[in-house]
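Working notes for the structure below.
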Protein chains: 2
Amino acid sequence: MRVAELSERLAITPDTVRFYTRIGFLRPRKNPDNGYKEYGAEDLQRLKFILSARGLGFSVDDVGQILREADQGKSPCHATRTLMATRLRESEQRFREMLALRNKMQAALTSWETVPDCPPSGHTICHLIEAFSEQEWSAEPGLDSSTEMDAMKDETEAMNKVTSKR
Amino acid sequence: MRVAELSERLAITPDTVRFYTRIGFLRPRKNPDNGYKEYGAEDLQRLKFILSARGLGFSVDDVGQILREADQGKSPCHATRTLMATRLRESEQRFREMLALRNKMQAALTSWETVPDCPPSGHTICHLIEAFSEQEWSAEPGLDSSTEMDAMKDETEAMNKVTSKR
DNA sequence: GTTGACCTGTGTCTAGGACACAGGTGTAGG
DNA sequence: CCTACACCTGTGTCCTAGACACAGGTCAAC
Ligand SMILES: [Zn+2]
Ligand SMILES: [Zn+2]
Ligand SMILES: [Zn+2]
Ligand SMILES: [Zn+2]
């Protein structure tokens, strides 16, 4: 099996296979005739595992850690649990930030609907952006993350509703 | 004003100022005595603008486009509106993906609570990951994004509730 | 003059591949 | 046997948005 066949089998690009080869996750043997890399059944299994782990939110570094532990004959399960817990926490964090940003973007775009294009005067660069940011700095004096917390609560409710719906 | 003072004024790191200088967004004059970069009032204004735009979700490239247009004397408002609309759509997309991933991560971590650590057998790498992914592949046969759509609807409802709460 | 704290510009690094490119391989036709 | 041409391969570089390391310069105190 060469890169093309392996990548076709798992519905990924050859570049992804090359990448995991480059960082040492796959160990093909080098065909001495043409210098091409020949992948075996073990590489196929490893690549499947890598893709599964990546799809679950593990970083490439995490996968490397797990693979290394497994290669040494140790059970990587503890690392798996710990890393997943960490990644999930990080995910929540970014999720929260994205939610706040998304709301801000929507608010900006909506508020711009009633504002005409600003002429290119010298004392501003783009009034739309500058005005919205200024207004945001001056307004919302007591917004100490309590509304964010409410947002997160509603989020979670919605998500649980969805999850239990299956 | 040198990097330190400028960065201190806007509560950012000197590296950020250096970065925007490196890519040409700021144009300090070079002090011939010591080679240090001297920033003026215009740089301060531009940097404020850059930070506002970045905080609204524009990419650095977007900001460059807007700045270039403004420098040419043209009104960048149209570009601002168009780019923001695009960034908002992208944001929704990533938001949806993050939501799905987050649910998957939670489901995995929960399901692992009732499973013991797998011994390091030769035919698997980490049973936790492989079993969960397999189960996921085999289950959910008719999940053609309709449930995801429902999720998005609930998301939007929750968000609107939050937004209107202010 | 010298010590030492601080400051500066430049080069390199990050994650996860995507992309460009020069050259090799294989096969069909002549 | 040789060539044309499509496809394939490995390697090097690029992307975000800055963060970090580091050698050397600057400035005030002593
Ligand atoms: Zn004005
Ligand atoms: Zn404008
Ligand atoms: Zn087993
Ligand atoms: Zn395991």
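Please read these numbers as outputs of a predicted model, since none were measured by experiment. Chain A is the first sequence line, chain B the second, and so forth, proteins listed ahead of strands; every chain is numbered from 1.
- Counting to the nearest Å, the C1' atom of C/dG16 and the CD atom of B/E97 are 15 Å from each other.
- Of the side-chain N and O atoms in A/K37, one or more sit less than 4.0 angstrom from OP1 or OP2 of D/dT11.
- When the P atom of D/dA17 is taken as reference, atom CG of B/L47 falls 15 Å away, rounded to whole Å.
- Regarding B/L26, its CG atom lies at a distance of 15 Å from the C1' atom of C/dG9, rounded to whole Å.
- Residues of residues 5-20 of chain B having a heavy atom closer than 4.0 Å to DNA chain D, listed by number: B/T13, B/D15, B/T16, B/F19, B/Y20.
- With B/Y39 as the aromatic partner, B/R2 does not meet the cation-pi criteria of under 6.0 angstrom to the ring centre and within 45 degrees of the ring axis.
- Atom CD of B/E38 and atom C1' of C/dT8 are 12 Å apart (whole Å).
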- Would you check, one step at a time, whether the test side-chain contact (heavy atoms from CB on, under 4.5 Å) holds for B/I129 with A/M84? CA-CA 10 Å; B/I129 293 173; A/M84 175 54 84; over 6 Å; no
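- Distance alone, capped at 3.5 Å, is enough to place a donor-acceptor pair between the B/D43 side chain and the B/R27 backbone.
- Here the side chain of A/T124 pairs no donor or acceptor atom with the backbone of A/C126 at under 3.5 angstrom.
- Near DNA chain D, meaning a heavy atom under 4.0 Å from it, residues 54-71 of chain B has B/R54, B/S59, B/V60 in order of number.
- In this structure a side-chain-to-backbone donor-acceptor pair under 3.5 Å is present from B/E38 to B/M1.
- Looking at A/K104, its side chain does come within 3.5 Å of a backbone N or O of B/G55 through a donor-acceptor pair.
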- Item | Chi angles and distances behind the side-chain contact (heavy atoms from CB on, under 4.5 Å) call for B/E113, B/L109 | CA-CA 7 Å; B/E113 281 175 8; B/L109 206 52; 5.7 Å; no
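- Relative ring orientation between A/Y20 and A/F25 is described as parallel, the plane-to-plane angle staying below 30° on a 0-90° scale split at 30° and 60°.
- With hydrogens and angles left out, the side chain of A/R22 and the base of C/dG16 share no donor-acceptor pair within 3.5 Å.
- With DNA chain D read from its 5' end, the first of the two nearest nucleotides for B/R2 and A/Y39 is the one closest to A/Y39.
- At whole-Å resolution of the value, CD1 in A/I23 and P in D/dT11 are 15 Å apart.
- For B/K30 and C/dT8, the NZ to C1' distance is 11 Å, given to the nearest whole Å.
- Rounding to whole angstrom units, CE of residue B/M1 and P of C/dC7 are separated by 16 Å.
- Between B/L128 and A/C77 there is a side-chain heavy-atom pair separated by less than 4.5 Å.
- Rounded to an integer number of Å, the gap from CG of A/N34 to C1' of D/dC7 is 14 Å.
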